[in-house]
Amino acid sequence: MKWELDDNTSDGIRFLLVGAGSLLVLRLLYGGVLQLISPTADDALAAACAHFHNGYWITDAHVVVQHTGGGIGARLALAVVLSIAAASALALVVFLLAKAMRGNALPWAVRTLRIALVIPFCWWLYASLMRPPACTRFDAEGIVLTRHASILGELSLPWRSTEVRYAWHDVESFTTNVTAGGMEVSAIISGHGTFPLTTGTAAEVEEFLRQLWKQGVGAP
C-alpha cells in the first residue's frame with residue numbers, strides 16, 4: 001500500500017525543511033564571516049578585544065562593544081518583530097486611506113506590506129550585525145567612544161550618533177565592577193567622568209586590561 005500525504009501535510013513538511021535549511025545556511029554564513037574577520041595571532045590586543053564583540057561583525061580589530069541585554073539571536077528576533085510591526089502599521093494606514101477614497105484597499109495594503117517589510121528589515125539586519133549602539137575603538141592616539149540612538153538599547157537607529165575622541169593622557173585608568181552580566185570594564189576620563197566600555201568574564205577582562213596596560217594606561 002502506497003503511503004501518500006495530503007497537500008497540507010506536504011506543504012508543511014516542505015516549509016519546515018526550507019526553514020531549517022535557511023537557518024543552517026545563515027548560521028554557516030555568519031560563522032564564516034566571523035572567521036574571515038578574526039584577528040591575527042600576532043595582535044594580542046585584537047585577540048583580547050575579540051571576546052567583547054557581542055556577536056557583531058566588527059572589521060576594526062581594536063574595538064569593544066558595550067554589552068547589551070541579548071546576543072545576536074535576540075537582536076535578529078527583535079529585528080524581525082520591528083520590521084513586521086512597522087510594515088503592518090504602514091499597511092493599515094494605506095488600507096484605511098484607500099478605503100476612505102473608495103478604492104480597492106486590499107491590494108494596495110498587501111503591496112505596501114511587502115515593500116515595507118523589505119526596507120526596514122534590511123536596516124535592522126545591518127544594525128544587528130554591524131552597528132552596535134555603543135562601542136569603543138583603541139588606537140595609537142587614544143580611545144574613540146561611539147554612541148548611537150537605539151531601540152531598547154539593542155538595535156541602532158540611523159540618526160543621532162556621537163563620536164568623541166580622548167587622548168591617552170586624558171584616560172586616568174580603567175576600572176572593573178561586578179554586575180549581573182559579568183565583570184564590567186569602564187574608563188575614567190579626566191574631567192569627564194566614568195564611561196562603561198564592555199562586559200565579560202573575569203579571565204577575559206583580565207587579559208583585556210593587561211593588553212591595555214601595555215599602552216601605558218591604567219597600569220597597576
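Just so it is clear, the values below take in all heavy atoms, side chains as well, and ignore hydrogens, waters and symmetry mates.
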Who pairs with F138 by ring pair (Phe, Tyr, Trp, His ring centres under 6.0 Å), at least two apart in sequence or on another chain? F208
For the backbone of [Y] and the side chain of [X], can you confirm whether one donor and one acceptor N or O come within less than 3.5 Å of each other?
| X | Y | result |
| --- | --- | --- |
| R131 | L157 | yes |
| S128 | L125 | yes |
| R137 | V64 | no |
| W168 | A140 | yes |

Working for ring-ring contact (aromatic ring centres under 6.0 Å, His included), residues W123 and Y126: CA-CA 5 Å; W123 169 260; Y126 167 74; 5.4 Å; yes
[atom1]-[atom2] distance between [X] and [Y], expressed to the nearest 0.5 angstrom:
| X | Y | atom1 | atom2 | result |
| --- | --- | --- | --- | --- |
| C49 | L212 | SG | CG | 6.5 Å |
| I58 | M130 | CD1 | CE | 8.0 Å |
| T146 | Q66 | OG1 | CD | 11.5 Å |
| L155 | R75 | CG | CZ | 8.0 Å |

If hydrophobic clusters are built from ILVMFWY residues whose side chains come within less than 4.5 Å, do [X] and [Y] share one?
| X | Y | answer |
| --- | --- | --- |
| L76 | L152 | yes |
| I72 | L82 | yes |
| F52 | V178 | yes |
| Y166 | V144 | no |

Distance-only donor-acceptor pairs under 3.5 Å for side chains of residues 182-207, two or more places apart:
unit_1	atom_1	unit_2	atom_2	d
T198	OG1	V65	O	2.8
T201	OG1	E204	N	3.3
T201	OG1	E204	OE1	3.3
E204	OE1	T201	N	3.2
E206	OE2	R210	NH2	3.2
E207	OE1	R210	NH1	2.3
E207	OE2	Q211	NE2	2.7

Pair W124-I151, side-chain contact (heavy atoms from CB on, under 4.5 Å): steps then yes or no: CA-CA 10 Å; W124 296 128; I151 293 181; 3.5 Å; yes
For G153 versus P133, what's the shortest heavy-atom pair and its separation? O-CG, 3.6 Å
Note, H62 side chain near D139 side chain (heavy atom, < 4.5 Å): no
